[in-house]
Structures are given as structure tokens and as C-alpha cells.
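For reference, the structure discussed in these notes is given below.
Scope of the values below: all heavy atoms of this structure, side chains included, with no hydrogens, waters or symmetry mates.
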Amino acid sequence: MKPTKIIISGGGTGGHIFPAIAIANALKRIEPECEILFVGATGRMEMEKVPAAGYKIVGLNISGIQRGSILKNLSLPFKLVDSMQKALKLIATFKPDVVVGVGGYASGPVLFAASWKNVPYLIQEQNSYAGMTNKRLGKKASKICVAFDGMEQFFPADRILKTGNPVRKDVVEIYNKRFHGSELLKLDPLKKTILVTGGSLGAATLNKSIEKHLQDFIDQDVQLIWQTGKYYYAGIMERLGGSFHPNVRILEFLNQMDLAYAAADVIISRAGAGTIAELCLIKKPVILVPSPNVAEDHQTKNAMALVKRNAALLINDRSAEDTLVTQALELLKDEARCEQLSVNIAEMALPQADELIAREVFKLAVKKDI
């Protein structure tokens, strides 16, 4: 039998890229000889992250609608036609046995091309609310792998498989790492600690909320691990100084996220699907502040899937600046509530998502004799 040939398309954000790489790694574990080609959007972060993970990637000149910029949007039809032509050529030359779409700008043209060429394709839908492109593509998908219940409102029920979202294994392996994490961050492992993370780029609302109420952490002798993100770090450090307080650790990015998770007692985060998948495996009390700046308000819907099962708390973006820190500190004191949230979020964990999806990919692949 010839090695299975697989195209994985999509990207744009870490929420799409890291699951895609996790799926690729699982495919390689099951069939080391399989050939994998990634297709992303030129200029997006997948063009850097995918090669760093050891995989080949081809870029399409595709982008999304630019809010507030009519001139930039005028080129979209031409980019779409160009991307479709290139996607069709890639299908014809690489000859994949199966195509996987993880969402993002490049996913649409590649899955449409696969459909036209009668190549089976699988959609990995990370969110609890499917976007317009995936809903349309789902009608002809051979399999749709999802992370939340109730997805039959978007996709044919007989082709849905609940697998969960693939996560980076090293990030969620936190067992027995609290002292190591606290030591690395120069914190006291015996003191209560809150972790705030808004992703690699950062979240303005979370940063404003924390900065406004920093004194509350100090007054209550609670430690803070504050990941500001790339866009906000310099401004915050300029205002607060390099050594603000021994209880407060301000970082642009957390290179060892597992140690930060391990050191924390309560976690404050946005509600991206990939982050939620990690938090379910971390099994700690979580406060989610969904970003309002995403399509279909899907982060709120992601968060509500947990809130309905008493597995997380939700604070909306517009009220976070006034209420987030107060509620986080109150939760930290409520040991019974923390324990209940931890138990409930753990019940939602799906730890083998990458392997389940990989096995579905191989089931769809049409292998040919040499």
C-alpha cells in the first residue's frame, strides 16, 4: 500500500493552528510514513508555526473581510478566485486521499476544491457555534468532528462525531508541577495564586480589569500571574515599572504554560475553543470572559456550554472592568465552590481528541495499491 496522503488546511490563529499540528502529530504516530501537506494563508502565523513543527506548508493569498475598510475588501473576490485555482491545482498535483479542514481563511477554498474533485474531507469544528463557511461545507463533508453537544443544528447528525478539541499535550501535563512552577515564577507555592491569560496577543479588557484593581490583590496577599500579551506588555510595564510588587508577576508571554497552570488556584481567561479544551484537562476553577470581537459571538456560546453544567463562571466583557477581580477573589476564598467547579469541568474533558480525529481521517482515506 502507498503511504496515505493528507492535506490539512486552515489556520489564522493559534486556536486553529495548534489543533491542526496536534492532529498531524497523531497521524504520524499511527502511520509514520503518511505524507502530510498543510495549506494556510500567506502572511498568517501558520506559515511560521507549521514549519517550526516540522511540516511542509503552502500559502494561499486569501484573507477575511476587513471591517471598516471598503478598499481592502475590493480585492477579496480576486483573492478568492486565485485561491480556488491554486487549491484545485494542489489537489490535482498532491493527490490527497483525504483532506482535513480546521477552520480559518485557507480552509474554505481547499475543502471546496476537495469537494469538486470528489476527495473525501473531514471538518474539525472547534466551537460550539459553527461559522457560515463550515455550515455550508458540512453538507458534503464525510465526517464532522466536534467538541460540544448540540451540533446537529449546524451539521447532518449522522456525520457528527464528538471527539473534543486536540490540545498541546505538554501544556496540560501539570501533575506535581506546582512547586516547580512557583519557583520558576519566583512565587510562594503556599500562597493562593490567580492566573490571568488573554492569549499570545493579549486581551485589552482583561488587562484593564487587572491593572485597575492591582491593589486588591496586594491587600489580600494573593499572588498574580499576569500574562499581558504582545500588544500590551510594553505600555503596562512603562506605567507600573519592572518590579511592581513581589506578589505580582507580569509577563508578555508564558513559554511554559503548564507551569503557570500548575501554580494557579484560579484561572481567568478568554473563551476560545482551544483554551477551553485545555482548561477542561487542567481541572481547575475558571472564570471566562468571552471576547466580543469574534464572529457569531462564538466565545460566549463556548463559555455557556460550561456554565450550563456549572463547570465555569462567566463574566461579560462590558462589566469585567468593574466586577472581574472582585468575583475572582471571592471565588478564591470559597473552597467548596472551587472544588465543585473543578469536578464539573473535569467531567467535560476529552483527552484523546487528536487520536480519535486521526483515526477518522485514516478511515476516510482511499488507499491505492502500488
Ser182 side chain vs Arg178 backbone, donor-acceptor pair below 3.5 Å: yes

Backbone N/O of Leu161 and side chain of Lys143: donor-acceptor pair under 3.5 Å: no

pair Glu347-Ile345: side-chain heavy atoms closer than 4.5 Å: no

SB check Asp258 Lys169 (cutoff 4.0 Å): no

Exam field: side chain Arg159 to backbone Ala141, donor-acceptor pair closer than 3.5 Å: yes

Non-hydrogen atoms of Thr275 and Arg270 that approach each other most closely: CG2-O, 4.2 Å

Those residues that, when tested against Glu339, pass side chain to side chain donor-acceptor pair (under 3.5 Å) (two or more places apart): none

Short side-chain donor-acceptor distance under 3.5 Å, Tyr233 and Asn207: no

Co-members of the apolar cluster containing Leu314 [side chain, <4.5 Å]: Met304, Val307

Could you give the side-chain donor-acceptor pairs of residues 35-48 under 3.5 Å, partners two or more places apart or in another chain?
| unit_1 | atom_1 | unit_2 | atom_2 | d |
| --- | --- | --- | --- | --- |
| Thr42 | OG1 | Leu60 | O | 3.3 |
| Arg44 | NH2 | Gly12 | O | 3.1 |
| Glu46 | OE1 | Gly12 | N | 2.6 |
| Glu46 | OE2 | Ala41 | N | 2.8 |

Ring pair (Phe, Tyr, Trp, His ring centres under 6.0 Å) involving Phe154 - partner list, sequence neighbours excluded: Tyr129

Contacts of type ring pair (Phe, Tyr, Trp, His ring centres under 6.0 Å), residue Tyr232, not counting sequence neighbours: none

Test item: Lys28 and Asn25 side chains (from C-beta on) under 4.5 Å apart, heavy atoms: no

Salt-bridge contact Glu211-Lys208 (side-chain N to carboxylate O under 4.0 Å): no

N-O pairing of Arg29 and Asp354 below 4.0 Å: yes

Pairing residues for Gln126 by the side chain to side chain donor-acceptor pair (under 3.5 Å) criterion, not counting sequence neighbours: His16, Gln124

Heavy-atom side-chain contact between Leu224 and Leu214 under 4.5 Å: yes

CG on Leu329 to CZ on Phe217, rounded to 0.5 Å: 5.0 Å

